[in-house]
2 protein chains.
Amino acid sequence: MTYNHPKLLVAIDCLVFGYDIKENNLKVLLFQRKVDPFAGSWSLIGDFVNEDENLSDGAKRVLEKFTGLKNVFLEQLATYGKADRDPGGRVVSILYWSLIKLDDLHRDIANEHGAKWFDLNKLPELVLDHQDMITLGARQLIQNAKTRPIGFELLAEEFTLPQLKQLYDAIYGKIIDDRNFRKKILSTDLLIKTEKKDKSTSKKGAFVYRFDAEKYDYLRNQGYHLDLNV
Amino acid sequence: MTYNHPKLLVAIDCLVFGYDIKENNLKVLLFQRKVDPFAGSWSLIGDFVNEDENLSDGAKRVLEKFTGLKNVFLEQLATYGKADRDPGGRVVSILYWSLIKLDDLHRDIANEHGAKWFDLNKLPELVLDHQDMITLGARQLIQNAKTRPIGFELLAEEFTLPQLKQLYDAIYGKIIDDRNFRKKILSTDLLIKTEKKDKSTSKKGAFVYRFDAEKYDYLRNQGYHLDLNV
DNA sequence: GTTTTAAACGTAAATTTAACGTTTATAAAA
DNA sequence: TTTTATAAACGTTAAATTTACGTTTAAAAC
């Protein structure tokens with residue numbers, strides 16, 4: 001070791017958003033801390049970083065442990081480093097945020113780890129500064145929804161326009177005009193319309209779409225900037 | 001100590017942007033590393049975090065040491081944590097970015113610490129992942145310039161509209177239409193026009209303005225969102 | 001006075017946004 | 001076999017904003 005300086009505990013906390021298409025609301029994955037102080041309190045999922053582990057790999061490890069998921073939206077958000085933020089010791093925590101498609105399977109996996117999905121709007125009291133983290137993440141979610149195609153991370157591969165609109169209603173916390181929403185999203189030309197119709201919510205049925213991620217990535221590299229501010 | 005987990009070195013790196021109103025370009029403060037590995041290479045200003053020091057206080061300490069400045073724009077930007085990012089040892093580095101008003105005084109203070117201001121577009125080779133940090137910060141600067149009143153952090157308290165426009169030209173990397181820029185910035189009603197004129201660049205002279213930070217903060221709390229996308 | 005020119009002010013077409021109204025496809029009821 | 005009901009799909013228009021320019025003005029220098 002070349003450097004001679006104080007070393008600190010470094011942790012990852014992972015703010016996982018899920019969208020419940022049946023209940024039409026956003027959820028956050030929490031678990032009950034197993035270690036003191038505050039054992040039993042609700043907290044974001046997380047763990048300490050290993051000596052030889054990249055931060056991003058630590059985040060992936062935490063996420064997979066609690067959800068069984070790999071290769072989903074997972075980005076770094078912020079780092080919390082007040083010296084006294086954790087009475088258990090000096091811990092610097094790097095917050096990641098993740099977006100996943102909620103289904104019954106993930107509920108089960110979460111349950112196995114003492115984790116549970118909570119409505120974003122009905123959260124229990126949280127340990128340490130984790131409520132701040134969620135507040136920040138919720139802001140980030142809204143902000144990013146306007147400028148990046150993150151909505152598709154929260155829905156299944158195939159979705160209808162009414163479903164997509166409902167999701168954005170939930171994210172923005174307001175009822176978007178469906179005609180204007182449809183116009184805006186279709187004008188991007190980033191949705192692929194399939195032949196299929198989903199008749200689960202109407203007699204007429206709603207056409208099923210897919211997001212053209214490849215086209216988006218290409219355009220993004222050309223300097224394109226998505227705008228879903230409706 | 002309650003927790004029993006690996007501890008890591010934690011550092012602060014500080015990306016300081018300055019605007020040179022005479023040269024009309026953006027500059028970045030760099031210094032020559034004093035410690036091995038890579039002693040003598042150019043790097044962002046930075047230091048290791050102390051055991052009992054808040055991260056934000058560490059950032060303030062670093063910034064003041066190299067610029068003599070307190071109470072300037074200083075925000076956390078991202079954290080770099082690849083296990084092998086520094087051959088000298090496992091170091092997690094939290095990147096902060098800062099905006100300051102460049103003047104001769106700061107050049108002198110910087111010099112005393114072996115630091116120097118470089119054109120953002122003419123940077124030397126940088127140590128470790130510091131070039132990535134600057135790339136990220138430059139993107140953040142452009143992005144934030146569109147949605148937050150950060151331009152005023154880079155100019156003196158009092159400035160003219162032509163000066164302000166030149167700054168945004170430099171940030172956006174393009175020539176903005178001066179008539180549209182004037183319209184947009186004045187329509188926010190966040191500039192206070194003084195009686196003074198600056199005649200250093202024209203016979204007619206340009207009126208001197210001040211940014212109404214108090215009004216902005218108030219509006220911001222009311223949900224107002226600045227838009228300087230020209 | 002006249003000239004010069006950065007600064008300040010103005011305008012109009014094109015585009016985008018916002019707020020609505022109308023038509024259509026289909027299952028279920030009459 | 002029509003009729004009805006309604007979510008989904010499509011359309012319209014006024015208002016606001018953006019974009020791309022042209023014009024006037026203030027003051028020093030000639």
Side-chain angles (χ1 to χ4, degrees), chain A residues 21-22 24 142 145-147 151 155-156 158-170 172-210 223-230, chain B residues 21-22 24 142 145-147 151 155-156 158-170 172-210 223-230:
Chain A
I21 198 166
K22 288 167 201 151
N24 185 27
I142 296 171
K146 294 177 181 171
T147 53
L155 286 177
E158 302 201 317
F159 51 85
T160 67
L161 290 191
Q163 283 170 350
L164 190 62
K165 182 195 111 66
Q166 278 221 314
L167 167 61
Y168 278 86
D169 283 349
Y172 293 153
K174 66 171 186 189
I175 307 294
I176 304 164
D177 183 280
D178 60 341
R179 295 149 291 188
N180 292 338
F181 178 78
R182 177 183 298 270
K183 240 179 300 180
K184 189 119 192 184
I185 193 82
L186 289 179
S187 74
T188 65
D189 212 28
L190 287 169
L191 295 193
I192 299 166
K193 191 179 185 174
T194 71
E195 305 284 285
K196 281 176 270 187
K197 272 195 168 185
D198 171 1
K199 294 194 178 160
S200 63
T201 55
S202 76
K203 304 159 195 169
K204 182 176 179 179
F207 278 106
V208 169
Y209 287 82
R210 218 169 315 123
Y224 171 75
H225 198 281
L226 182 66
D227 169 24
L228 293 182
N229 208 344
V230 276
Chain B
I21 199 167
K22 286 167 204 154
N24 185 28
I142 295 171
K146 293 177 181 170
T147 54
L155 286 177
E158 303 201 316
F159 51 85
T160 66
L161 291 190
Q163 282 171 349
L164 189 63
K165 182 194 111 65
Q166 278 221 313
L167 167 60
Y168 279 85
D169 283 349
Y172 292 153
K174 68 173 185 188
I175 306 294
I176 304 165
D177 184 280
D178 60 341
R179 293 148 293 188
N180 292 339
F181 178 79
R182 176 184 298 270
K183 240 182 297 180
K184 189 120 193 183
I185 194 81
L186 289 179
S187 75
T188 65
D189 212 27
L190 286 169
L191 295 193
I192 299 166
K193 190 177 185 175
T194 71
E195 305 284 287
K196 282 177 269 184
K197 273 194 165 185
D198 171 3
K199 295 193 181 164
S200 63
T201 55
S202 77
K203 301 161 198 167
K204 183 176 178 178
F207 278 105
V208 169
Y209 287 81
R210 220 168 314 122
Y224 170 76
H225 197 282
L226 182 65
D227 169 25
L228 292 183
N229 207 343
V230 276

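We name chains A, B, ... by the order of the sequence lines, and we start the count at 1 in each one. All values derive from a computational prediction rather than experimental measurement.
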A.B. asks: According to a strict under-4.0 Å criterion, is Lys197(A) in side-chain N/O contact with OP1 or OP2 of dT26(C)?
C.D. replies: yes

A.B. asks: Just the rounded figure in Å: distance from P of dA9(D) to CD of Gln163(A).
C.D. replies: 11 Å

A.B. asks: Regarding dG10(C), can its base be found pairing with the side chain of Arg179(B) as donor and acceptor, where the two atoms are less than 3.5 Å apart?
C.D. replies: no

A.B. asks: Starting at CG of Asp178(B) and ending at C1' of dT19(D), how long is that distance when rounded to a whole Å?
C.D. replies: 13 Å

A.B. asks: Round to a whole Å and report the spacing from CZ of Arg182(B) to C1' of dT19(D).
C.D. replies: 17 Å

A.B. asks: For the side chain of Asn180(A), starting at C-beta, report the closest nucleotide among dA18(C), dC10(D), dA8(D).
C.D. replies: dA18(C)

A.B. asks: Going by modelled atom types, is there a donor-acceptor pair between the base of dA26(D) and the side chain of Lys204(B) at under 3.5 Å?
C.D. replies: no

A.B. asks: Provide, to the nearest angstrom, the distance between the CG atom belonging to Leu186(B) and the C1' atom belonging to dA7(C).
C.D. replies: 12 Å

A.B. asks: For the pair Phe181(A) and Tyr168(A), name the ring-plane relationship: parallel under 30°, tilted 30 to 60°, perpendicular over 60°.
C.D. replies: tilted

A.B. asks: Atom CG of Asn229(A) and atom C1' of dT16(C): how far apart are they, to the nearest Å?
C.D. replies: 12 Å

A.B. asks: I want to confirm an ordering. Mapping Lys203(B) and Asp198(A) to their closest nucleotides on DNA chain D, which one lands closer to the 5' end?
C.D. replies: Asp198(A)

A.B. asks: To the nearest 0.5 Å, tell me how far Tyr209(B) OH sits from Thr194(B) OG1.
C.D. replies: 8.5 Å

A.B. asks: Tell me whether the side-chain N/O atoms of Lys199(B) come closer than 4.0 Å to OP1 or OP2 in dA28(D).
C.D. replies: yes

A.B. asks: State the CD-CD1 distance between Gln163(B) and Ile21(B), to the nearest 0.5 angstrom.
C.D. replies: 3.5 Å

A.B. asks: Provide, to the nearest angstrom, the distance between the CZ atom belonging to Phe181(B) and the P atom belonging to dA8(C).
C.D. replies: 12 Å

A.B. asks: Where each residue is assigned the nucleotide of DNA chain D containing its nearest heavy atom, which of Thr201(A) and Asp177(A) is assigned the position nearer the 5′ end?
C.D. replies: Thr201(A)

A.B. asks: Just by modelled atom types, is the Ile176(A) backbone N or O under 3.5 Å from a matching donor or acceptor in the Lys165(A) side chain?
C.D. replies: yes

A.B. asks: Using whole Å, what does the distance between atom C1' of nucleotide dT26(C) and atom CZ of Phe207(A) come to?
C.D. replies: 12 Å

A.B. asks: Output the rounded distance in Å from NZ (Lys183(A)) to C1' (dC10(D)).
C.D. replies: 10 Å

A.B. asks: Would you compute the distance between atom CG of Asp227(A) and atom NZ of Lys184(A) and round it to the nearest 0.5 angstrom?
C.D. replies: 4.0 Å

